[in-house]
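Since we're looking at a predicted model, the values are computed, not measured. In this chain, residues are counted from 1 in sequence order. One-based numbering, in listed order, for ligands and for the atoms of each. Because only heavy atoms are used, hydrogens play no part in the values below, and waters and symmetry mates are left out as well, while side chains stay in.
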Amino acid sequence: MAERAAIVTGASSGIGLALAHMLGSEGHALTVASRRPEKLEPAAQELRDAGYEVEAVPANFGGADSEAEVQKVVAAHRDRFGRLDVLCNNAGVGIGAGVGEIVTKRMDIQLNTNLRQIILFYREALELLKAAGAEHRNALVINTASISGKRAEAWLNIYSATKYAVVGFTEAMNKELNGDGIKSTALCPAFVDTPMTDFVKGQVPAEKMIQTSDIAEMARALLKLTPGCVVPDIVFDLPGSGVLGATPA
Ligand SMILES: NC(=O)c1ccc[n+]([C@@H]2O[C@H](COP(=O)([O-])OP(=O)(O)OC[C@H]3O[C@@H](n4cnc5c(N)ncnc54)[C@H](OP(=O)(O)O)[C@@H]3O)[C@@H](O)[C@H]2O)c1
């Protein structure tokens, strides 16, 4: 059995891939999951080439059958690695629309991907997380929320609502599970240079955005905290936020 193991969702690019590299470098065997297999497999290979043990599980959390997809990921992880020290609930999607123009299907994709699957991952992974928590009191769940979970945005109304919910669910999980040695942290970044922000790179240059390495390094620090220290959320802001005129992602 691996000495440490982690699940990272949305690991095929951006923040999730950076988190997976960081966790691999800290000795974790990895299960990576995301929607498109043709994008996930090269990312998984990149991680294997870096020397990490990797299980890749394509899974779509945006549909009505997301429960089965979450169960599939956790089962594949349990079968291969047998333990879970870190769960990164990172997959997410933002689809902008004014409230009068909301398309139900797009609303459901965001609610399912950004919120529902996170709740299901906690439930399905709880036994494994509790076993790790009982062993070392430092089982960790990292939930990628957003600055939009701290200050809501027009047009990104549903996205903002889901990210506020992630911050709230993270707080509830700390109250519920800290006693089991399971700590949760919500990451709340403004614009990060990933494919998700390609749409805005004409106004905010990529090099002026937060980098995925910034997120990964803060997450690395979370791994090294003593069991007595819980960090409920971390806000990553742009310098002089507002000066750039940037709409937070
Ligand atoms: N970039 C930012 O400025 C920013 C700021 C704050 C928070 N965030 C959050 O950071 C997280 C990661 O985003 P990112 O910026 O790294 O963007 P990204 O590179 O586009 O990554 C998004 C990841 O989520 C996966 N994903 C999306 N929909 C999915 C679905 N229905 N089922 C399974 N996987 C799905 C994607 O897989 P596919 O590509 O195959 O769909 C991809 O692996 C998201 O939760 C996002 O809301 C991003």
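Within the 4.0 Å heavy-atom criterion, neither part of N112 lies near ligand 1. Heavy atoms of T197 found under 4.0 angstrom from ligand 1 belong exclusively to the side chain. If you look at R36 next to ligand 1, the close heavy atoms, those under 4.0 Å, come from the backbone and the side chain alike. At a heavy-atom distance under 4.0 Å, no atom of A33 approaches ligand 1. Within the 4.0 Å heavy-atom criterion, the part of A145 lying near ligand 1 is the backbone and not the side chain. At a heavy-atom cutoff of 4.0 Å, ligand 1 is contacted by both the backbone and the side chain of V192.
Heavy atoms of A43 come nearer than 4.0 angstrom to ligand 1 in no pair at all. The closest approach between a heavy atom of Q117 and any atom of ligand 1 is not below 4.0 Å. Ligand 1 lies out of reach of S148, whose nearest heavy atom is not under 4.0 Å from it.
The pair R151-D237 meets the salt-bridge criterion, since a charged nitrogen lies less than 4.0 angstrom from a carboxylate oxygen.
For D79 (side chain) and A76 (main-chain N/O), no donor-acceptor pair under 3.5 Å exists by modelled atom type. Distance alone, capped at 3.5 Å, is enough to place a donor-acceptor pair between the Q211 side chain and the A206 backbone. With hydrogens and angles ignored, the 3.5 Å screen pairs a side-chain donor or acceptor of D85 with a backbone N or O of A5.
By heavy-atom distance, the residue among S12, P37, A91, S146 lying nearest atom 37 (O) of ligand 1 is S12. Ranked by closest heavy atom to atom 9 (C) of ligand 1, the top entry among V8, T113, T144, T9 is T144. Among C188, G149, G92, A11, the residue whose heavy atom sits closest to atom 27 (C) of ligand 1 is G92.
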Would you check, one step at a time, whether the test side-chain contact (heavy atoms from CB on, under 4.5 Å) holds for N143 with F169? CA-CA 9 Å; N143 297 319; F169 195 74; 5.5 Å; no
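Backbone and side-chain nitrogen or oxygen atoms of G10 are examined, and one is located within less than 3.5 angstrom of a nitrogen or oxygen of ligand 1. Inclusion of F191 in the set of residues having an N or O under 3.5 Å from an N or O of ligand 1 is not warranted. The distance criterion of under 3.5 Å between nitrogen or oxygen atoms is not met by V93 with respect to ligand 1. Any N or O atom pair closer than 3.5 Å counts here, and P189 shares no such pair with ligand 1.
Short contacts between ligand 1 and A190, defined as distances under 4.0 Å to a heavy atom of the residue, involve ligand atoms 3 (O), 5 (C).
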